[in-house]
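This report concerns only the one structure given below.
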2 protein chains.
Amino acid sequence: MSERAVIVGDGAMGTLCAHMLAENGLAVRLWSAFPDAAAELARTRVNRRFLPEVRLDERIEITGTDAGLFDRADWAVQAVPTQFARGVWGRLAPHCPAGLAVCSVAKGIETGTLLTPTQIVRDVLDGRADSDRPVAALSGPSIAPEVAEELPASVAVAATDDALAERMQRAFTRPYFRVYTNPDLPGLELAGASKNVIAIAAGILDGMSAGVNAKAALLTRGIVEISRLAEALGARAETLSGLAGLGDLVTTCFSPVGRNRSFGEAIGRGQSPAEALAATESVVEGAATTEGLLALAGRAGVEMPITRAIHAVIAEGKPPADAIADLMKRPLKAEA
Amino acid sequence: MSERAVIVGDGAMGTLCAHMLAENGLAVRLWSAFPDAAAELARTRVNRRFLPEVRLDERIEITGTDAGLFDRADWAVQAVPTQFARGVWGRLAPHCPAGLAVCSVAKGIETGTLLTPTQIVRDVLDGRADSDRPVAALSGPSIAPEVAEELPASVAVAATDDALAERMQRAFTRPYFRVYTNPDLPGLELAGASKNVIAIAAGILDGMSAGVNAKAALLTRGIVEISRLAEALGARAETLSGLAGLGDLVTTCFSPVGRNRSFGEAIGRGQSPAEALAATESVVEGAATTEGLLALAGRAGVEMPITRAIHAVIAEGKPPADAIADLMKRPLKAEA
């Protein structure tokens, strides 16, 4: 009997996970929040909107039905965007067995609660963000269309216990998709969230034609300040320098696609944050995350000059050139 | 009386240093190994070949004369490419005062000796790579034409003593050029050298159109393996994740200019390493450095799978696609 996985969410990552897990011989059920979308996907086998590169194998079961969704499932994948996760899992909660393991492939921090995706799932299903439900998170540089074309990618997976992390590692590993385990689940999720903030800043620099030197320094110093926050929150600084932090940040900062970077680029070109936000059709995770990180930093007493500067630009209307000049003229100091 | 600095080498970095130090009010003397080039530069004030973006202030003294070069100098800058440093400093040695401080802005490891630029200077001037001459190194993401246009850049400087590091920090800091001190001179120089190896690999991936995910993973895992070597050699892993390591690596991997990346790109497109080398008119530091790093790794007993794979491609003719496939199919493991 093959392992049975349920994918919750039919965006690019959800669709990609369904495809890869099925290739690895798992019995896969892919769930869409929208019955119409599920029916069309079941008929065409191609997710035209989010991942047109992949044709889904006939063995993948596609459904828009909530009842019985998790029947016989060994584990589930949380592939819904962070800000929608609470609503979706709330809807599915009556059908979800106690203790079912959930692996998140989403990134971000929930606005208001400051919870990460695995914490949201636990909070909704178990009533406590720190319940003892086994959870995992897979993160790293994995732009979905590239993976769909079997271009090489490497990512990291962390979990509440080593056995689950290794189970996810085996389930997701493909010849073109290398999965490392990582012992630091909080750090891994914080990395995935915070890189979106730096991505906005990288976009701003792009929009201003500030050059590659500036972007490289932003990335390096950005990782330093996020690592500082991570350590204050009990995570490991190395996780932030790993695939889920630095690695993902590099793709986000240099791939021309990506909502957070594009949002920043529009601001760098002179649009107001409100105009730039209105021009994107989807969620800009990083904008919400900036508030979240500053709130966490305030609680932990950690200085985050870059994040604060980004906040000043996107939430307080500070001109980007002034923000850069202020960052550059801070008192001289040591690197670490 | 203003501080007096002598810049040895009229390449892009040497010319840029002369310009910035003069802007900061230092009395600057810029030396070229070629009297004709010095005469032309003194006349035109523009380094047409290496840094046409800058017009050198009339107060900068330009010379091709060895005798008296260091008269009244407070310190000197080593701005000659690493593989030529021994010859140049050997020529200048009879004129160089004992104990004159030297700050290197070059990157690399000398083929054969495996010495870094400050070690070469000490070896040549004092007969011992570990002499007690005060030396410093300035390194980080600082593509010269961008800095010349006053686009923002941040770099790090390390020295044999804190006072010298802070003196260099003050001398080089400009409103557009932020200098951090760093306590780890060996790590800083190793970072500058080893990033060229990863840059070749990044170029190979570009040439193969392997995607941004692959490049981000290369960068992340590349820093991990170089950090491992650095720690084994007594340097600090953090230095490799800092401006001189990660920061410089990001510029080198993503800026379209850059000999090391371009050399790799030609190989990725299908040229043989010999053809690719013949097509570049200047030194490909990274090719020599790959041998050097593997020699150091062998001595220290450190595993460097990516560096070894690059060596297999550029020195043993292994097809890049095979090298990538072999890297991807290694046994599954943990990230750190």
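To find a chain, count down the sequence lines: A is the first, B the second, and so on, and within it residues start at 1.
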Below 3.5 Å, can you tabulate the donor-acceptor pairs from side chains in residues 198-205 of chain B to any protein atom, sequence neighbours excluded?
none

What residue in [options] has the most heavy-atom pairs under 4.5 Å with chain A?
options                                : answer
B:Gly140, B:Ser142, B:Ser255           : B:Ser142
B:Pro152, B:Pro145, B:Gly247, B:Ala214 : B:Pro152
B:Ser241, B:Ala325, B:Ala216           : B:Ala216
B:Arg330, B:Lys329, B:Glu238, B:Met208 : B:Arg330
B:Ala237, B:Ala217, B:Ala210           : B:Ala210

Considering only heavy atoms, which portion of [X] lies under 4.5 Å from any heavy atom of chain B: side chain, backbone, both, or neither?
X        : result
A:Thr239 : neither
A:Val179 : backbone
A:Leu246 : both
A:Pro331 : backbone

Checklist entry - Taking B:Glu335 for the side chain and A:Gly242 for the main chain, is one N or O donor matched with an acceptor at less than 3.5 Å? => result no

Next on the checklist: I'd like to know if the side chain of B:Arg228 and the backbone of B:Glu303 have a donor-acceptor N/O pair within less than 3.5 Å.
Outcome noted: yes

Pairwise distance [atom1]([X]) to [atom2]([Y]) - rounded to 0.5 angstrom:
X        : Y        : atom1 : atom2 : answer
B:Asp206 : B:Arg269 : CG    : CZ    : 8.5 Å
A:Glu231 : A:Leu240 : CD    : CG    : 8.5 Å
B:Glu53  : B:Leu16  : CD    : CG    : 9.5 Å
B:Glu225 : B:Ser194 : CD    : OG    : 9.5 Å
B:Met168 : B:Leu138 : CE    : CG    : 9.5 Å

Interchain contact, [X] with chain A, by part (heavy-atom threshold 4.5 Å):
X        : value
B:Leu249 : neither
B:Ser227 : neither
B:Ile143 : both

Checklist entry - Can you tell which of A:Leu332, A:Asn213, A:Val212, A:Thr220 has the highest number of heavy-atom pairs within less than 4.5 Å of chain B? => result A:Asn213

Checklist entry - Taking A:Arg221, A:Glu166, A:Arg236, A:Glu149 one by one, which has the highest count of heavy-atom pairs under 4.5 Å against chain B? => result A:Arg221

Item to check | Inter-chain contacts: residues 170-178 of chain A against chain B, heavy atoms under 4.5 Å | outcome: A:Thr173, A:Pro175, A:Tyr176, A:Phe177, A:Arg178

Checklist entry - In this structure, which one of B:Ile324, B:Ile267, B:Asp322 forms a side-chain contact (heavy atoms from CB on, under 4.5 Å) with B:Val313? => result B:Ile267

Checklist entry - Only one of B:Leu185, B:Thr116, B:Leu164 forms a side-chain contact (heavy atoms from CB on, under 4.5 Å) with B:Val135, so which one is it? => result B:Leu185

Checklist entry - How far apart are the C-alpha atoms of A:Ser154 and B:Met328, what are their side-chain angles, what is the distance that settles it, and do they pass the side-chain contact (heavy atoms from CB on, under 4.5 Å) test? => result CA-CA 8 Å; A:Ser154 297; B:Met328 295 293 286; 4.3 Å; yes

Checklist entry - Within a strict 4.5 Å, meaning less than it, do heavy atoms of the B:Val250 and A:Lys215 side chains meet? => result no

Next on the checklist: Does A:Asp326, at its CG atom, have more than 12 non-hydrogen atoms belonging to other residues, nucleotides or ligands within less than 6.0 Å?
Outcome noted: yes

